[in-house]
Protein chains: 2
Amino acid sequence: MNKSETILKSSSLSVTAGRKRILDIFLDANNALAHQDIEVKCSDKYDRVTIYRTLQTFLEKGIIHNIPTTDNSVRYALCNEVCISSGHHHDNHVHFRCDNCSKTICLDDVSIPSVKLPTGYSMNEINMVVSGICKTCKKVKVPV
Amino acid sequence: MNKSETILKSSSLSVTAGRKRILDIFLDANNALAHQDIEVKCSDKYDRVTIYRTLQTFLEKGIIHNIPTTDNSVRYALCNEVCISSGHHHDNHVHFRCDNCSKTICLDDVSIPSVKLPTGYSMNEINMVVSGICKTCKKVKVPV
DNA sequence: AATAAGAATGCAACTTTGTTGCAAAATACT
DNA sequence: AGTATTTTGCAACAAAGTTGCATTCTTATT
Ligand SMILES: [Mn+2]
Ligand SMILES: [Mn+2]
Ligand SMILES: [Zn+2]
Ligand SMILES: [Zn+2]
């Protein structure tokens with residue numbers, strides 16, 4: 001039993017070819033993916049609608065989390081073991097979006113600093129997205 | 001000369017009825033607006049395409065800033081004087097999205113805490129969006 | 001291994017959102 | 001007032017997202 005199958009089972013989801021494929025795409029990716037990215041990688045095999053529904057299911061089960069954007073193309077990334085096993089989200093890391101390659105990645109080791117809200121507000125989740133130049137692009141850009 | 005007209009002039013934009021109207025909508029609003037919200041308020045008078053182009057122009061001139069979301073409907077809010085006069089963005093405040101009324105607001109007095117990125121990454125902008133229950137909804141919800 | 005119940009998928013039809021080119025209208029400048 | 005430049009509306013289109021329903025697949029049970 002491979003990794004994607006294990007994750008699906010432990011989230012009490014039925015194991016289907018489509019779900020396995022999409023989960024494998026996430027497991028292979030080293031950056032967050034938009035719906036569009038997934039569609040490109042497997043719309044020959046699976047319907048657009050199935051991709052929508054699968055992403056939705058994965059979100060609800062704590063298999064992936066979404067990352068807000070200002071360009072109307074939400075990104076999705078795999079959650080850590082804690083989210084998957086507990087069935088709900090415990091993501092507390094910063095996200096980075098590169099202005100050059102426009103890849104979005106999870107900075108798993110950078111945790112979101114706490115912030116004090118004005119009186120009367122109660123906090124549920126925090127999202128932090130930093131933009132700039134990523135490690136890879138910086139290397140390429142300093143040839144001199 | 002009213003406020004919207006002043007802002008347009010000081011951003012060296014030509015003053016048109018549509019731009020004044022849209023800017024007035026922002027000046028009247030006490031929360032951030034999606035494209036859709038603006039369309040509802042004035043699509044009888046101005047074309048959808050004009051609204052798209054106007055928001056784009058306002059963004060570029062530092063009149064409004066955008067707020068990332070995970071639901072594919074970016075919100076826009078008025079910038080402070082500094083952005084408008086300098087012509088580029090200096091927004092450093094936290095945004096709040098209410099899980100109950102789903103309004104998004106600028107917490108102008110709460111500044112985004114700094115965060116240290118891993119080696120190799122350089123920072124440009126930071127966005128922080130907190131979700132939870134807003135002041136107004138909390139009041140309403142505690143009747144007892 | 002066969003069956004039956006329930007869940008997931010594909011398809012079609014549709015709605016909503018966003019983009020582009022161009023002619024007409026409005027604005028700013030002299 | 002006249003003219004160059006911008007902005008707008010319209011049309012046509014492309015892309016993104018939603019819904020209902022029949023068919024297929026998965027899982028649990030015999
Ligand atoms: Mn992440
Ligand atoms: Mn703001
Ligand atoms: Zn990069
Ligand atoms: Zn609220």
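Proteins come first, then strands; the chains are lettered A, B, ... in the order of their sequence lines, and each starts at number 1.
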| query | Would you say the side chain of B:Pro118 lies within less than 4.5 Å of the side chain of A:Val110, judging by non-hydrogen atoms? | reply | yes
Could you tell me whether A:Lys41 and A:Asp28 make a salt bridge, using a distance below 4.0 angstrom between a side-chain N and a carboxylate O? no
Rounding to 0.5 Å, atoms CG (B:Asn31) and NZ (B:Lys103) come to a distance of 5.5 Å
Per-helix bend value, the helix from C:dA1-D:dT30 to C:dT30-D:dA1, C1' rotation axes over five pairs per end, 10° rounding, shows 40°
Any donor-acceptor N/O pair, B:Ser131 side chain to A:Glu125 backbone, under 3.5 Å:
yes
Between B:Ile51 and B:Cys42, the two heavy atoms sitting closest are CD1-SG, 4.1 Å
- Using a 4.0 Å heavy-atom cut-off across all strands, classify A:Arg48 as base, sugar-phosphate, or nothing. base
Q. Side chain to side chain donor-acceptor pair (under 3.5 Å) between A:His95 and A:His65: does it pass, once the steps are laid out?
A. CA-CA 11 Å; A:His95 291 108; A:His65 58 280; 3.2 Å; yes
Note: contacts of residues 4-14 of chain A with DNA chain C (heavy atom, under 4.0 Å) are A:Ser14
Salt bridge (charged side-chain N to carboxylate O under 4.0 Å, His left out) filter on A:Asp24, not counting sequence neighbours, yields none
By nearest-nucleotide position on DNA chain C, the 5'-leaning member of B:Gln36 and A:Gly18 is A:Gly18
- Flag the pair A:Ile105 / A:Asn30 as yes when at least one side-chain heavy-atom distance between them is below 4.5 Å, and no otherwise. no
Its 5'-most and 3'-most nucleotides having an atom under 4.0 Å from a non-hydrogen atom of chain B, DNA chain C is contacted over C:dT17 to C:dA28
Would you say A:Arg19's side chain and A:Ala17's backbone share a donor-acceptor pair under 3.5 angstrom? no
Those residues at least two apart in sequence (or on a different chain) that pass side chain to side chain contact (heavy atoms under 4.5 Å, CB included) with A:Lys135 are B:Tyr121
Heavy-atom closest pair (A:Cys79 atom, A:Asp91 atom, distance to 0.1 Å) is SG-OD1, 3.7 Å
Using a strict cut-off of less than 4.0 Å between a Lys/Arg side-chain nitrogen and an Asp/Glu carboxylate oxygen, indicate whether A:Arg53 and A:Asp47 qualify as a salt bridge. no
Taking any heavy-atom pair under 4.0 Å as a contact, classify B:Arg19: base, sugar-phosphate, or nothing.
sugar-phosphate
Outermost contacting nts on DNA chain D, any atom under 4.0 Å from chain A heavy atoms, listed 5' then 3', are D:dA16 to D:dT27
Note to self: Checking A:Asn124 against B:Asp99: is there a side-chain donor and acceptor pair closer than 3.5 Å?
What the structure shows: yes
